[in-house]
Asks: 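For reference, the structure I am asking about is given below.
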Amino acid sequence: MKNVHTSLIVVLIAALACVSIPANAQKALTIVWAEWDPANYLQELSKDFTAETGIAVDVVQIPWPNFQDKVFTAFVGKSDLYDIVIGDSQWLGRNSVGRHYIDMTEWINANIDVNSIYGPAMTAFAEYPKGSGKYWALPAQVDAAGYVYRKDLFEAPKEMQAFQAKYGYALAPPKTYAQLRDIAEFFTRPEQDLYGIATWYSKEYDGITMGFQQVMWSFGGAYGDAETYKVNGHINSDNAVKALEFYTDLLQFAPPDAPNYYWLETLNAYTAGKVAMGMNYFAFFPGVVNPETNPVSHDKSGFFMAPAGPEGHYISIGGQGMSISAYSKNQDIAKQYMKWFMQKQVQEKWAKLGGFTPHKAVLESDAFKMVTPFNEAFAASFPYLRDFWAVPEYAELLEVCQTNWNEAISKIKSAKEALDTIARKHEEIFEEAGYYDE
Amino acid sequence: METSRGMSDYQLKMAFIMPTMVLLILMNIFPLLWSLYLSFHRYKASMPAAPKFIGTRNYTRLLADPEMWGYFQTTAYFVILAVAAQFLIGFGLALLLNREFRYKGFVTTLLLLPMMLSPVVVGLFWRFMLSSDNAGLLNFFLSPLLTSPIGWTTNPKVAMLAVVIVDTWMWSPFMMLISLAGLSAVPKYLYEAADVDRASAWFKFRWITLPLVSPLLLIALLFRTMDAFKMFDIVYVLTREGGPGTVTETVSMNLYKLAFRNYNTGKACAMAYLLLVIIVALSNIYVKYLNRVKAEA
C-alpha cells in the first residue's frame, strides 16, 4: 500500500512538471508609484509586457501624502520590496548620492536612444548632477502645472460683455498673471458660492512651493545660483517679493478654505462648481472630463497653460522618472521592462491610455494632442518647464519654503520677511552640507 | 531544587523571563541606547556616510534655535489648553454620571466612543466638520450668527483652538472614566455623615469628594499631559502638518519632519532626548505631588 502511495506521488509530480509553464511565469516585477490614474494606466499597459515575456508586473500604489515617506523608509531599511521606483524629480539627488538608485548611465547609453526622449525631460527626471551626463532614471511620466476653466462662464455673452466693460479687453483664457488676477476677481461672487480661482497654497508636502515657484520665476525671482548655490539676493529679490505679494493677493479670489488647497482640494473645488478656474497637474485632469467625477462641468471645461509673468514664462514641472532600486533582486528584469517601455510603439500606447509620454516624436505628434482635451495645453507648456532644487538636501530646502510661504499667505509674516528667512535658512543648509567649501 | 528533567528553579525562572528580556532589550533598550549614541553624531539614515562624532553640537544647535523654542512654546500652549479643558469637561461629566438615572450605561458608553476611535480618523472627519467654508458643519450651523465663515484651520488666530477642540472631544472621556472610577470609590457613609452635620454641597465636594478623588485625577492628568506633549496625529491630519505656518506645529510634528522627511537622524535623536527629558521632568513633578496628596489623604 505504501508503495502504491509513493508511486502515485511520483506520477503526480511528473505530471505537474510536464504541464507547460512559461519560462518566466515565476518572475514578477514590482513597480511602486503614487495612487493616481497614471498608475492605473501603467498597470494596464504592463499587461502587454506580461503577454510578451511572461513576467508579471504589479504596480503598487501609495496614497500621495505618504508616498515619499513610505518609499524612503523602504530605502533606509534596504528593502527589496520594490524593483522599480517611479519617483519625483527632486528625489534624484538624494537617492543617487544615497545609493538607493542604481547608476544607469552605461546601460542607458548602450540600450536606449536618448535622442528620442525629450531633452529637458531627460535632464529633469534622469540626470544628476545636472549636465554631468550621469543617469539614474528614465522619464516615465512628464507633467506640468496647468489650468482648467469653465467654458460656459467664459463664453456666456452676458459675462463677456460685463468683463469687457469692466476691464477693457475681451474675456478669454489668461495669457498673463495680470489677466489671471482680473478674471479671478471678476468671477469672485461669494453670495453665489462662486470664486475666481483655486490654486495651491497648502503646507502639505510640496503644495504651495509647486504653486508659487512658477509665479516667482515668471516675476523674475529665482531659487539661487545653480553654480555657486548662493541664495541671498535671488529668492528674496524685489521681484520675488512682488511675486509673493501677488500670490498672497490672489487668495482673496479663492474659496475660504483655499489656504489648505493642494491638488485634491483644487480638483474638488472645480468639480463642485465652486471656481471659474482651477490649477492642477495635467495628469489630474481626467477627473475633470469624466462625467462621473465631474457632473457639473465635464463637457464645459477648457484648458490653458500657466500664464506668463512680467519677467518671463516658467511653469512648474510635474511627473516622475523610473529608477531601479539598488536593493532590488530583479534588476535585470527591471532593465528589460524599462527598455520595453521606452519603445516608440509602447510609448504611443502609453499616450493613448492617458500617460504623458517623454518620447519626443510621440509627444509632438498630432495624435497625442488629440487624445484628450487637455493634451494640447500640456504639450504647449513643455518649453517653459522648470524644477525645484534636485540636490540631496532638497527635503530640508522644501520644508523651509513650505513653512515660510504658507506663513506669508496666512499673513503671519510679510512677503519680505518670509523670503529673507528662506534665503538665510537655505544658505545655512547649503553651508552645513559643504556646498561653500573651497 | 531541581525539577524531574534536571532544571533548577533559577533556570526555570530564567527560561520564562529570558524571551521577554531579550525582546525588551532588542526592541526598547537597544534603540534607546543607539539613538543616544546617534544624538552625538552627524548622521543621516538615508545617506551611506557613517555617523561622525560631533559632541554636543546637535543639542547646542537645537537649544540655540529660536524656532525650536517656538515649537516647544506651541506644544506647551496646546498641552495647557487641552489638558485643562479635558480635565474640566471630563470631571464635570463624571460628576453628572455619578448618580443613578435611566439609560446611564448607554449614555456612558456613548460618551466613551470618541476615545476608542483612531486619531487619524478623528482628524479626518473633524477636517470636514471644521472646513473653513460654509460646507464645514460647524460653520454651517454658525452661519446665521456669522458674517463670514470662521477659518478654523486656516486662520492663524483660530487654528490652535481647532486642535484643542478636537483633542478635547477625543480625550475628555478618558478623564471622565478615571474620575468616575474615583467618584464611585468614595464611601457613601462619608456623605451621610456630612448630611447629618448639615454640610453644604460645596463643603462635601471640597472636603470629601476632591481629596479622595484627587490621587486618581492626578494620574489621569499625568497620562494626558504626557500624551498631549507628544501630539502628532491630529495636527498632521487636521491642520496639514501644523499649519497655518507653524502655528500648530508641535515638537513631535517637527521631530517627525526632521527624522523622516529630512532624515537628519542625529539631530532628530537629540531632539527626541530633549523631549524625553522634559516629559520625565514633568512626570516627576506630578508624581511628587501625587505622593504628597496620598500622604495627606
Side-chain angles (χ1 to χ4, degrees), chain A residues 65 68-70 72-73 75-77 91 94-95 97-100 190 193 195 201-205 207-208 251 254-262 265 268-269 272 274 326 392-400 402-413 418 421 425 428-429 432-433, chain B residues 42-49 54 57 61 65-67 70-71 120 124 127-128 130-136 139 146-159 235-249 253-254 256-265 267:
Chain A
Q68 176 183 284
D69 294 357
K70 272 201 150 181
F72 283 14
T73 309
F75 280 155
V76 170
W91 296 7
R94 177 187 272 190
N95 291 335
V97 176
R99 297 181 205 154
H100 304 303
D193 201 20
Y195 296 87
Y201 289 102
S202 173
K203 205 191 158 195
E204 274 179 310
Y205 186 38
I208 189 167
L251 189 59
D257 214 21
N260 286 331
Y261 278 13
Y262 195 18
E265 292 81 6
N268 287 343
K274 267 187 165 184
E393 295 74 23
Y394 94 90
E396 289 154 82
L397 301 168
L398 180 65
E399 179 57 35
V400 173
Q402 285 291 102
T403 301
N404 282 280
W405 283 334
N406 192 265
E407 282 182 325
I409 61 110
S410 305
K411 311 268 173 69
I412 296 168
K413 278 181 184 165
T421 310
K425 292 209 143 212
E428 278 172 16
I429 293 166
E432 173 86 17
Chain B
R42 177 186 291 167
Y43 177 59
K44 288 192 170 206
S46 61
M47 291 293 156
I54 52 167
R57 201 167 151 206
R61 286 191 74 176
D65 184 356
E67 281 184 14
Y71 298 130
V120 175
L124 273 175
R127 187 195 265 204
F128 293 110
L130 295 175
S131 178
S132 298
D133 50 21
N134 279 332
N139 276 340
L146 302 168
T147 47
S148 60
I150 297 173
W152 291 104
T153 56
T154 53
N155 183 341
K157 290 176 185 155
V158 187
V235 164
Y236 183 79
V237 178
L238 184 73
T239 54
R240 274 88 168 170
E241 304 179 10
T246 53
V247 169
T248 60
E249 190 159 329
M253 184 69 242
N254 191 259
Y256 166 78
K257 286 180 183 173
L258 205 59
F260 299 109
R261 286 273 166 83
N262 303 347
Y263 277 100
N264 205 333
T265 316
K267 205 170 168 185

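These values consider heavy atoms only, across backbone and side chains, with no hydrogens, waters or symmetry-generated copies. Order of the sequence lines sets the chain letters (A, B, ...), proteins ahead of strands, with each chain counted from 1.
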Asks: Consider only side-chain N and O atoms of Asn260(A) and Thr153(B), and report whether a donor and an acceptor are under 3.5 Å apart.
Replies: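 Looking only at side-chain atoms, Thr153(B) and Asn260(A) do form a donor-acceptor pair, the distance falling under 3.5 Å.
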Asks: Against chain B, label Phe75(A) side chain, backbone, both or neither, depending on which of its atoms sit under 4.5 Å from a heavy atom there.
Replies: neither
Asks: Can you tell whether the side chains of Lys257(B) and Glu396(A) come within less than 4.0 Å, N to carboxylate O?
Replies: no
Asks: So which residue, Gly151(B), Ala49(B), Pro244(B), ends up with the most heavy-atom pairs under 4.5 Å with chain A?
Replies: Pro244(B)
Asks: If you measure from the Lys or Arg side-chain nitrogens to the Asp or Glu carboxylate oxygens, is any gap between Glu432(A) and Arg57(B) under 4.0 Å?
Replies: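 Arg57(B) and Glu432(A): salt-bridged.
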Asks: Taking side chain as everything from C-beta outward and backbone as N, CA, C, O, which of these in Tyr236(B) sits under 4.5 Å from a heavy atom of chain A? Side chain, backbone, both or neither.
Replies: side chain
Asks: Can you say whether Lys411(A) sits under 4.5 Å from chain B via the side chain, the backbone, both, or neither, judging by heavy atoms?
Replies: neither
Asks: Less than 4.5 Å to any heavy atom of chain B: does that hold for the side chain of Tyr394(A), its backbone, both, or neither?
Replies: neither
Asks: Got a second to check how far Thr246(B)'s OG1 is from Lys413(A)'s NZ, nearest 0.5 Å?
Replies: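 It is 7.0 Å, given to the nearest 0.5 Å.
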Asks: Relative to chain A, which of Lys44(B), Arg42(B), Met47(B) shows the most heavy atom pairs under 4.5 Å?
Replies: Met47(B)
Asks: With only heavy atoms counted, which part of Pro149(B) is less than 4.5 Å from chain A, the side chain, the backbone, both or neither?
Replies: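 Side chain only.
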Asks: Partners of Ser202(A) by side chain to side chain contact (heavy atoms under 4.5 Å, CB included), sequence neighbours excluded?
Replies: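 Expected list: Glu204(A), Tyr262(A), Arg240(B).
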Asks: Side chain, backbone, both or neither: which part of Asn139(B) has a heavy atom under 4.5 Å from chain A?
Replies: neither
Asks: As an exercise, state the distance from OG1 of Thr421(A) to CD of Glu67(B), rounded to the nearest 0.5 Å.
Replies: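 One finds 7.5 Å between OG1 of Thr421(A) and CD of Glu67(B).
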Asks: Tell me every residue that passes side chain to side chain contact (heavy atoms under 4.5 Å, CB included) with Val400(A), counting only those two or more places apart in sequence or in another chain.
Replies: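 Asn404(A), Ile422(A), Lys425(A), His426(A), Ile429(A).
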Asks: Specify the closest pair of heavy atoms between Tyr263(B) and Arg94(A), including all atoms of both residues, with the distance to one decimal.
Replies: CD1-NH1, 3.4 Å
Asks: Between the side chain of His100(A) and the main-chain N/O of Ser46(B), is any donor-acceptor distance below 3.5 Å?
Replies: yes
